[in-house]
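Encoded as structure tokens, the structure appears first; notes follow it.
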There are 2 protein chains.
Amino acid sequence: MRTKQKAFSMERFFLALGDNTRLRLLNLMGDREVCVCYFVEILDQPQSKISRHLAYLRKAGIVTARREGKWMHYRIVMPPHIGATQVLQQTLAWLREERIMEADRARLAKACCSPRKFVALQGAPRPKVIAPATSSLSR
Amino acid sequence: MRTKQKAFSMERFFLALGDNTRLRLLNLMGDREVCVCYFVEILDQPQSKISRHLAYLRKAGIVTARREGKWMHYRIVMPPHIGATQVLQQTLAWLREERIMEADRARLAKACCSPRKFVALQGAPRPKVIAPATSSLSR
DNA sequence: TTTACATATCTGTCAATGCGAATATAATTT
DNA sequence: AAATTATATTCGCATTGACAGATATGTAAA
């Protein structure tokens with residue numbers, strides 16, 4: 001059983017966005033579900049670092065995880081407040097406009113199209129576009 | 001001469017929003033210019049704490065200060081990136097919807113209407129609505 | 001059940017930030 | 001110029017969070 005979630009807080013929400021690695025992760029997710037192994041390859045950072053930041057985002061209520069065999073897939077979920085949802089949408093739009101973020105997305109696209117070039121990704125499940133993330137409020 | 005500003009960074013921008021005191025300050029400013037003494041009274045926190053957080057917001061490029069005699073007035077300025085501007089606007093909208101933030105604004109309104117009830121505010125310059133904050137981009 | 005792989009968590013260290021208390025600076029008044 | 005008012009900065013300490021490296025857990029394959 002998962003440890004009890006702290007109540008959603010505005011402060012925590014913004015703190016979660018206040019780290020470059022986490023912003024890069026959110027940018028890579030965008031509107032799709034991405035396997036952890038892709039993050040590790042694309043960002044070229046130690047796996048433990050990626051995992052820690054994903055956990056942080058999860059605790060802040062910004063992403064959720066789904067296990068599929070030995071792979072974990074992460075995706076963005078809209079937070080339980082309209083206001084937060086709209087801020088997050090704007091943030092994602094902002095990410096789409098940043099050069100560095102664009103470069104990350106390009107590397108991900110490349111890895112998806114020809115995973116053979118990324119030895120570590122042989123056989124890993126590809127990112128999949130998902131239905132537009134909805135706020136937990138708009139049921 | 002002011003010490004050199006660090007370049008605007010997305011990370012820094014969100015870190016600046018990731019503190020409850022700073023969110024309350026931004027909420028009180030909204031679309032007006034507010035004197036430090038009002039913040040101290042309304043939030044009922046030590047002056048040094050208020051000042052430190054205002055300095056943080058200033059360094060993050062989210063507010064500017066203007067001196068008028070012995071009083072300092074702070075106001076929100078839109079950051080030098082369209083994306084940041086839009087996120088900030090959404091954030092302010094979100095603040096307007098939060099209960100606790102509403103209560104702060106109510107106290108400010110009260111202090112403005114009858115500063116006599118707030119001894120410390122006798123003679124202090126009242127908050128003034130300003131032209132809608134514009135991004136430094138849209139000159 | 002052993003092994004291998006993917007991911008998560010723990011450990012120790014370091015830097016950043018929060019805080020109250022005290023002090024410094026700037027403008028105004030006396 | 002001294003005293004007063006408004007605000008800013010500094011100090012010492014506690015907390016948080018980032019990091020690399022080591023280790024633990026969960027799942028599947030052999």
Side-chain angles (χ1 to χ4, degrees), chain A residues 1-3 6 9 11-25 33-60 63-74 115 118-126, chain B residues 1-3 6 9 11-12 14-25 33-60 63-74 115 118-127:
Chain A
M1 176 192 270
R2 191 159 292 297
T3 62
K6 272 187 211 156
S9 98
E11 190 178 76
R12 216 158 187 67
F13 172 79
F14 283 114
L15 283 174
L17 299 179
D19 178 278
N20 212 52
T21 303
R22 290 195 289 269
L23 288 170
R24 291 178 78 187
L25 290 170
E33 194 181 52
V34 181
C35 176
V36 174
C37 55
Y38 276 84
F39 295 131
V40 173
E41 285 302 303
I42 303 302
L43 299 191
D44 190 26
Q45 307 267 321
Q47 177 265 323
S48 75
K49 177 171 169 179
I50 300 292
S51 186
R52 239 183 307 112
H53 285 293
L54 286 169
Y56 198 115
L57 287 171
R58 212 183 328 114
K59 280 176 203 151
V63 308
T64 45
R66 179 176 67 86
R67 182 178 280 282
E68 185 186 324
K70 46 187 179 179
W71 290 284
M72 290 290 279
H73 298 266
Y74 281 80
F118 292 77
V119 182
L121 295 180
Q122 297 277 14
R126 317 252 176 114
Chain B
M1 178 191 269
R2 188 160 295 299
T3 62
K6 271 186 211 155
S9 99
E11 191 177 75
R12 206 148 197 76
F14 283 114
L15 283 175
L17 299 180
D19 177 277
N20 212 53
T21 302
R22 290 194 289 267
L23 289 170
R24 292 177 78 189
L25 291 170
E33 193 183 52
V34 181
C35 174
V36 174
C37 55
Y38 276 84
F39 294 132
V40 173
E41 285 303 301
I42 303 303
L43 299 191
D44 191 27
Q45 307 265 320
Q47 177 265 322
S48 74
K49 177 170 167 179
I50 301 292
S51 185
R52 246 182 296 115
H53 283 294
L54 285 169
Y56 196 115
L57 287 172
R58 209 180 335 111
K59 279 177 205 149
V63 307
T64 45
R66 177 176 68 85
R67 182 178 282 280
E68 183 187 326
K70 47 187 179 181
W71 291 285
M72 288 291 279
H73 299 267
Y74 281 82
F118 291 76
V119 183
L121 295 180
Q122 298 277 15
R126 317 251 176 114

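Residue numbers begin at 1 in each chain, while the letters A, B, ... track the order of the sequences. Just so it is clear, the structure is predicted and the values come from calculations on it, not from any experiment.
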With side chains defined as the heavy atoms from C-beta onward, is the minimum distance between A:F14 and B:L15 less than 4.5 Å? no

Heavy-atom nearest pair, B:M72 first then B:A65, reads CE-CB, 3.6 Å

For DNA chain D, report each stem as range with range, ordered by first number, or say none. Use Watson-Crick or G-U wobble pairs under 3.5 Å, at least 3 in a row. C:1-30 with D:1-30

Closest listed nucleotide, where the reference is the side chain of B:R67 and the choices are D:dT27, C:dA27, C:dC19: C:dA27

For A:H53 and for B:A55, find the nucleotide of DNA chain D with the closest heavy atom, then tell me which residue's nucleotide is more 5'. B:A55

Apply side chain to side chain contact (heavy atoms under 4.5 Å, CB included) to residues B:R22 and B:L17 and explain how you reach the verdict. CA-CA 7 Å; B:R22 290 194 289 267; B:L17 299 180; over 6 Å; no

What does B:F39 touch in the nucleic acid at a heavy-atom separation under 4.0 angstrom: a base, only the sugar-phosphate, or nothing? nothing

Are any side-chain N or O atoms of A:E11 and backbone N or O atoms of B:N20, one a donor and one an acceptor, separated by less than 3.5 Å? yes

Please figure out whether B:P46 or B:Y56 has its closest DNA chain C nucleotide nearer the 5' end. B:Y56

Could you check how far CZ of B:R58 sits from P of D:dA8, rounded to whole Å? 6 Å

Is any side-chain heavy atom of B:L25 closer than 4.5 Å to a side-chain heavy atom of B:F39? yes

Where the side chain of B:K70 is defined as all heavy atoms beyond and including C-beta, which of D:dT7, C:dT7, D:dA6 is the nearest nucleotide? D:dA6

Assess whether side chain to side chain contact (heavy atoms under 4.5 Å, CB included) is satisfied between B:H73 and B:V34, documenting all intermediate values. CA-CA 5 Å; B:H73 299 267; B:V34 181; over 6 Å; no

Between A:V63 and A:R58, what is the shortest heavy-atom contact and its length? O-CG, 3.6 Å

When the distance from CG of A:D19 to P of C:dA16 is rounded to whole Å, what number comes out? 14 Å

Roughly, in whole Å, what's the span from CH2 in A:W71 to P in C:dA4? 17 Å

From CD of A:Q45 over to C1' of C:dA6, roughly how many Å is that when rounded to an integer? 18 Å

Measure from NZ or CZ of A:R66 to the centre of the six-membered ring of A:Y74 and say whether it is under 6.0 Å with the direction within 45° of the ring axis. no

When only distance counts, do a donor and an acceptor, one from the side chain of B:Q47 and one from the base of D:dA6, lie under 3.5 Å apart? no

Could you state the atom-to-atom distance from CG of B:L43 to P of D:dT7 in whole Å? 14 Å

Spacing between A:K59 atom NZ and C:dA8 atom C1', to the nearest angstrom: 10 Å

Starting from the 5' end of DNA chain C, give me the residue, B:R22 or A:L54, whose nearest nucleotide shows up first. A:L54

A:L23 atom CG is separated from D:dA18 atom P, nearest whole Å, by 12 Å

Between P of D:dT27 and CZ of A:R66, the distance in whole Å: 14 Å

Pull out every protein N or O sitting under 3.5 Å from an N or O of nucleotides 10-14 of chain C, one pair per line with the distance.
none

Distance below 4.0 Å between A:Y74 side-chain N/O and C:dA8 OP1 or OP2: yes

Heavy-atom distance under 4.5 Å between the side chains of B:E41 and B:C37, does that happen here? no

B:A16 versus B:Y56, closest heavy-atom pair with distance: CA-CE2, 3.7 Å

